Amino acid sequence: MDRIRIVGGNPLNGVIPISGAKNAALPLMIASLLTDDTLTLENVPRLADVEQLIRILGNHGVDYSVNGRRERQGEGYSRTIHFTARHIVDTTAPYELVSKMRASFWVIGPLIARMGEARVSLPGGCAIGTRPVDLFIDGLKALGVEIEIEGGYVNARAPNGIQAGAYEFPKVSVGATHVLMMAASLANGTVEIRNAAREPEVTNLADCLNAMGARISGAGTSTIIIEGVSALSGARHRVLPDRIETGTYAMAVAMAGGDVTLEDTNANLLDSALDSLRAAGADITPTNSGLHVRRNGAGLDPVDVATDPFPGFPTDLQAQFMALMTRARGTSKITETIFENRFMHVQELARLGADIALSGQTATVKGVETLNGAQVMATDLRASVSLVIAGLAAEGETVVNRVYHLDRGFERLEEKLTRCGAVVERISG
Ligand code: UD1
């Protein structure tokens, strides 16, 4: 298994290109199941999760090509990929595939809408909490879908198609909002989704569906109205920049010090996280094509944060911000309100010398003068990158084990950091 070795102490200086967002690319790829025409997606990041979803979609009959030809490894950054689901050959998403990537459960939306049936495995447990699927099921039922759960599978049937209706989420869910929006695109009538997720990835998916001929309004607000259409066509659509990758590198610069331009991104996608970073002492200026992050000399101030659905502070940046706060001049409180068990990075950060006390959903982080390099273990995607951030400021050598988590969500992390002067290398095997 690959590891990442970091020698801390160098500031970061230069330019980091930001990739297309994993969390936008995945639902957009799944939307290709809704049409027999070709959906072309630009700016698709090269990530293990994307490759895995390509395999899963292939199982349902989605063919793909990269820039008009088959995939070749080792070229440039994000790519343009054409997805064509001419015929759906299988409406079952088996356990072996869904358990590898939770987001693949979302195929239930397009499959039920286009084929009138879907059999999708429950995703099973997950390292960051139980992550149930009750909201997906209740939402689909509100649109006339008959659902039975049997033997670990969700069996869904809608012989007369998706029906007009309304559903108010009792809790905000990004994935369930994606799924209801995709299913409702082909509804017989109008669907209203209330308390919808407002994440930019939801808006990106709605824009793509509209380019495919859907009639969706209100995405980006809590009420989304979808007037169903009888069929969708192909389209060409660009994956939006990865706001979590943007925030992660901004935090890396705040941690290591230096001066970096984050390119091909948009500061408006992460106002809340950038406000917290500014309060901690980073100097952040939006530019035409991204943002500029700087921290010179002065130390970091402690800042309290609590995660919240968009536009609040993203749970996917909680671990990274905690890493940053381990070096602040004082005590900060970090509260996780979205997932009940998203603190696995705490014990790994402690191995580097961080002083963190956990009580329920709140971590109290007392800043320390120095972190010291050590062997640490990546436990999930965002937790693992928080260890890299800590390693950039730790004295000596930090080795992050199990980096396959990182490869799920960060495109060429070590290359991007190395170009800015960090000592980061991948050790294979
Ligand atoms: C997406 C993101 C993930 C991010 C999360 C929250 C992708 C691929 N993943 O995950 O990176 O951390 O949003 O911003 O886009 N819940 C239920 N019942 C359900 C569904 C969800 O109780 O049926 C709960 C979850 O357990 C969690 C909360 O709702 O506590 C939010 O989860 P949700 O927004 O659905 O997260 P994902 O879409 O899985």
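Please read these numbers as outputs of a predicted model, since none were measured by experiment. Counting convention: from 1, in listed order, for ligands and their atoms alike. The figures that follow rest on heavy atoms only: side chains count, while hydrogens, waters and symmetry mates do not.
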How does [X] reach ligand 1, if at all, at less than 4.0 Å between non-hydrogen atoms: by side chain, backbone, both, or neither?
X: E340; value: neither
X: I338; value: both
X: F169; value: neither
X: D316; value: side chain

Counting each atom of ligand 1 from 1 as listed, which ones have a heavy atom of [X] under 4.0 Å away?
X: R102; answer: 39 (O)
X: V133; answer: 19 (C), 23 (O)
X: W106; answer: 7 (C), 8 (C), 15 (O), 38 (O)
X: F136; answer: 20 (C), 23 (O)
X: G175; answer: 35 (O), 38 (O)
X: R342; answer: 12 (O)

Close N or O approach ([X], ligand 1; < 3.5 Å):
X: N23; answer: yes
X: T315; answer: no
X: D134; answer: yes
X: P132; answer: yes
X: S173; answer: yes
X: F339; answer: no

- Message: Can you tell me how the ring of W106 sits relative to the ring of H178, calling it parallel under 30°, perpendicular over 60° and tilted otherwise?
- Response: tilted
- Closest heavy-atom contact between L232 and G213?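 That closest heavy-atom pairing would be CD2-C, 3.7 Å.
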- Message: Name the residue from F105, Y167, F169 that meets the ring pair (Phe, Tyr, Trp, His ring centres under 6.0 Å) definition with F136.
- Response: F105
- Does anything in residues 206-221 pair up under side-chain hydrogen bond (donor to acceptor under 3.5 Å, both in side chains), and if so which pairs, sequence neighbours excluded?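 Residue pairs with at least one partner in residues 206-221: R215-E227.
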- Query: Given D49, V179, L53, L135, which has its nearest heavy atom closest to atom 16 (N) of ligand 1?
  - Reply: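 The option holding the nearest heavy atom is L135.
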- Contact between A176 and ligand 1, counting heavy atoms under 4.0 Å? no
- Hey, could you give me each pair passing salt bridge (charged side-chain N to carboxylate O under 4.0 Å, His left out) that has a residue in residues 177-203? Not counting sequence neighbours. E168-R194, E192-R194, E201-R243
- Has the side chain of H60 got a donor or acceptor atom that lies under 3.5 Å from a matching backbone atom of D90? yes
- Backbone N or O of T307 within a donor-acceptor pair of the T337 side chain at under 3.5 Å? yes
- Query: Under 6.0 Å between ring centres, would you say that holds for F321 and F313?
  - Reply: yes
- Flag the pair L317 / R382 as yes when at least one side-chain heavy-atom distance between them is below 4.5 Å, and no otherwise. no
- Item | Residues D407 and R412 bridged, charged N to O under 4.0 Å |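 Salt bridge between D407 and R412, a charged N being under 4.0 Å from a carboxylate O: no.
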- Audit row: R342, Q361, side chain to side chain contact (heavy atoms under 4.5 Å, CB included) steps and yes/no: CA-CA 9 Å; R342 204 173 204 184; Q361 292 297 95; over 6 Å; no
